[in-house]
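Sequence positions, counted from 1, serve as the residue numbers for this chain. Since the model is a prediction, treat every value here as computed from it, not as a measurement.
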Amino acid sequence: MALLEARQVIKHFGGVTALDDLDLDVQAGEILGLIGPNGSGKTTFINACTGVVAPDEGTVHFEGRPLRGLSPWQISRLGISRIFQTNMLWPSLTAQENVMVSREKFLRATLPEAITGSRRFRREEALVRTKALEVLERVGAAHLAHQRAGSLSYGQQKLVEVARALACEPRLLLLDEPAAGLRAELIEAMGELIRTIRDQGITLLIVEHRIKLVMGVCDRVAVLNLGQKIAEGPPARIQTDPAVIDAYLGEPIALPGEPEPSIGG
């Protein structure tokens with residue numbers, strides 16, 4: 001059984017079909033890339049997996065449990081975390097405080113205990129603060145802990161976003177455009193971070209337009225076009241798939257370390 005199973009998922013927005021009878025599995029321990037043209041349904045699929053939107057038809061199961069009807073916070077508690085295309089940090093909070101917010105589900109102190117600053121609340125708050133710093137260190141951002149999120153660069157904010165998602169201790173991490181807006185050297189660092197996260201036992205689904213990043217880090221790639229899956233397989237197959245080239249790539253894409261292909265030669 002796959003970690004995440006989507007079957008015959010359909011989602012309409014008015015007269016637009018964002019997802020059209022989509023079947024997609026995410027296997028435990030893999031990095032799955034989800035690519036396709038703008039408007040192909042990639043983010044809609046992530047939203048359907050995290051309770052942001054509800055499919056009109058079809059099912060999504062996580063570890064065999066149906067997700068239909070669950071709110072985003074309930075799905076998070078099951079073990080699914082995500083980052084969004086645009087950074088969603090609280091700019092007035094520090095990086096550490098932003099990460100601390102996502103540890104709420106681990107707190108046991110009551111609201112009155114928080115208001116009065118009870119011993120249990122102070123103990124739990126200290127543990128959450130320590131854990132947040134540990135997670136920032138995991139993504140290489142511990143030095144940003146005490147800086148206001150609004151003062152950080154776009155790339156630094158991305159790292160804090162990933163740290164905040166990891167602080168929920170997910171078994172499945174969904175990354176929507178993790179490399180968007182990053183300089184070339186930061187894209188390479190993001191790829192290394194993605195591999196490290198997988199090596200720590202977390203499964204990943206990545207939506208990304210930086211095709212060479214996808215081809216370099218993913219074990220398997222699925223391609224959407226107009227809400228339908230048009231191809232699925234290892235990167236080496238996807239990069240030369242005629243349907244994918246026609247709908248999205250425009251030309252074959254060389255894997256990292258390979259020579260650029262000669263088009264038409």
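- A179 and I187 make their closest contact through CB-CG1, 4.1 Å (heavy atoms, listed as atom of the first residue, atom of the second, distance).
- Pairing each heavy atom of E232 with each of R237, the nearest pair is O-NH1, 3.5 Å.
- The two residues A132 and Q96 make their nearest non-hydrogen contact at CB-O, 3.8 Å.
- Counting heavy atoms from C-beta on, the side chains of P55 and L19 never come closer than 4.5 Å.
- Using a 4.5 Å heavy-atom cutoff, the side chains of L193 and L159 are in contact.
- Judged purely by atom type and a 3.5 angstrom limit, D241 uses its side chain to pair as donor or acceptor with the backbone of A243.
- Formation of a donor-acceptor pair under 3.5 Å by the K42 side chain with backbone atoms of L224 is not found in this model.
- Distance alone, capped at 3.5 Å, is enough to place a donor-acceptor pair between the D23 side chain and the Q8 backbone.
- The minimum heavy-atom distance between I75 and G51, with the atom names listed, is CD1-N, 3.4 Å.
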Report task. Run the numbers on I80 and F62 for side-chain contact (heavy atoms from CB on, under 4.5 Å), then give the verdict. Result -> CA-CA 9 Å; I80 300 177; F62 177 65; 3.7 Å; yes

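- In this structure, the separation between CG on L173 and CD1 on I31 is 10.5 Å, given to the nearest 0.5 Å.
- With hydrogens and angles ignored, the 3.5 Å screen pairs a side-chain donor or acceptor of E208 with a backbone N or O of R210.
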Requested in this report: Check step by step if side-chain contact (heavy atoms from CB on, under 4.5 Å) holds for L204 and V217.
Outcome: CA-CA 11 Å; L204 294 102; V217 304; over 6 Å; no

Query raised in the report: Run the salt bridge (Lys or Arg N to Asp or Glu O under 4.0 Å) check on R195 and D219 step by step: do they pass?
Result: CA-CA 10 Å; R195 294 188 191 94; D219 304 299; over 6 Å; no

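- Annotation: the span from R164 atom CZ to S81 atom OG amounts to 10.5 Å, rounded to 0.5 Å.
- Judged by distance alone, the side chain of R68 and the main-chain N or O of G58 form a donor-acceptor pair under 3.5 Å.
- Between M1 and H61, every side-chain heavy-atom pair lies at or beyond the 4.5 Å cut-off.
- A donor and an acceptor atom, one from each side chain of R138 and Q200, are located under 3.5 Å apart.
- Open room surrounds CD on E188; 12 or fewer heavy atoms of other groups in view lie less than 6.0 Å from it.
- In terms of modelled atom types and a separation under 3.5 Å, the side chain of Q228 and the main chain of D20 share no donor-acceptor contact.
- Y154 has its side chain out of reach of R183: every pair of non-hydrogen atoms, C-beta onward, lies at least 4.5 Å apart.
- With hydrophobic clusters built from ILVMFWY side chains whose heavy atoms lie under 4.5 angstrom apart, F45 does not share a cluster with V53.
- A salt bridge is defined here as a Lys NZ or Arg NE, NH1 or NH2 lying under 4.0 Å from an Asp or Glu carboxylate O, and R65 with E63 fails to meet this definition.
- More than 12 heavy atoms of other residues, nucleotides or ligands shown are found within 6.0 angstrom of CD1 on I10.
- Rounding to the nearest 0.5 Å places CG of L127 at 10.5 Å from CE of M100.
- A donor-acceptor pair under 3.5 Å is absent between the side-chain atoms of S76 and the main chain of P72, judged by distance alone.
- Using a cut-off of 4.0 Å between Lys/Arg side-chain N and Asp/Glu carboxylate O, E161 and K158 are scored as not salt-bridged.
- In the hydrophobic clustering of this structure, I238 groups with I230; members are Ile, Leu, Val, Met, Phe, Trp, Tyr whose side-chain heavy atoms approach within less than 4.5 Å, directly or through other members.
- Annotation: the span from T203 atom OG1 to I197 atom CD1 amounts to 11.5 Å, rounded to 0.5 Å.
- A 4.5 Å side-chain heavy-atom check between R82 and M88 finds every atom pair outside the cut-off.
- To the nearest 0.5 Å, atom OG1 of residue T94 and atom CG of residue L89 are 10.5 Å apart.
- Shortest non-hydrogen contact noted between V139 and A163 is CG2-CB, 3.9 Å.
- The hydrophobic clustering, which links ILVMFWY residues whose side-chain heavy atoms are closer than 4.5 Å, places W90 and V160 apart.
- One distance of note links CG of L67 with CD of Q74; it measures 10.5 Å at 0.5 Å rounding.
- In terms of heavy-atom proximity, N98 sits nearest to A149 at ND2-CB, 3.6 Å.
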Requested in this report: Take L4 and L32 through the test side-chain contact (heavy atoms from CB on, under 4.5 Å) and record every step on the way to the result.
Outcome: CA-CA 11 Å; L4 183 81; L32 174 66; over 6 Å; no

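- For D21 and K229, the salt-bridge test fails: no basic side-chain N is under 4.0 Å from an acidic carboxylate O.
- Cluster membership check: V52 shares its hydrophobic cluster with F13, using side-chain heavy-atom separations under 4.5 Å among Ile, Leu, Val, Met, Phe, Trp and Tyr.
- Residues P66 and T59 form no side-chain contact, since every pair of their non-hydrogen atoms from C-beta on lies 4.5 Å or further apart.
- At a threshold of 4.0 Å, the pair D56-K11 counts as salt-bridged, since one of the basic side-chain nitrogens sits closer than that to a carboxylate oxygen.
- Between E169 and K131, some side-chain heavy-atom pair lies under the 4.5 Å cut-off.
- Using a 4.5 Å cut-off between side-chain heavy atoms of Ile, Leu, Val, Met, Phe, Trp and Tyr, with links allowed through other members, L205 and L175 fall into different hydrophobic clusters.
- A 4.5 Å side-chain heavy-atom check between I206 and L213 finds every atom pair outside the cut-off.
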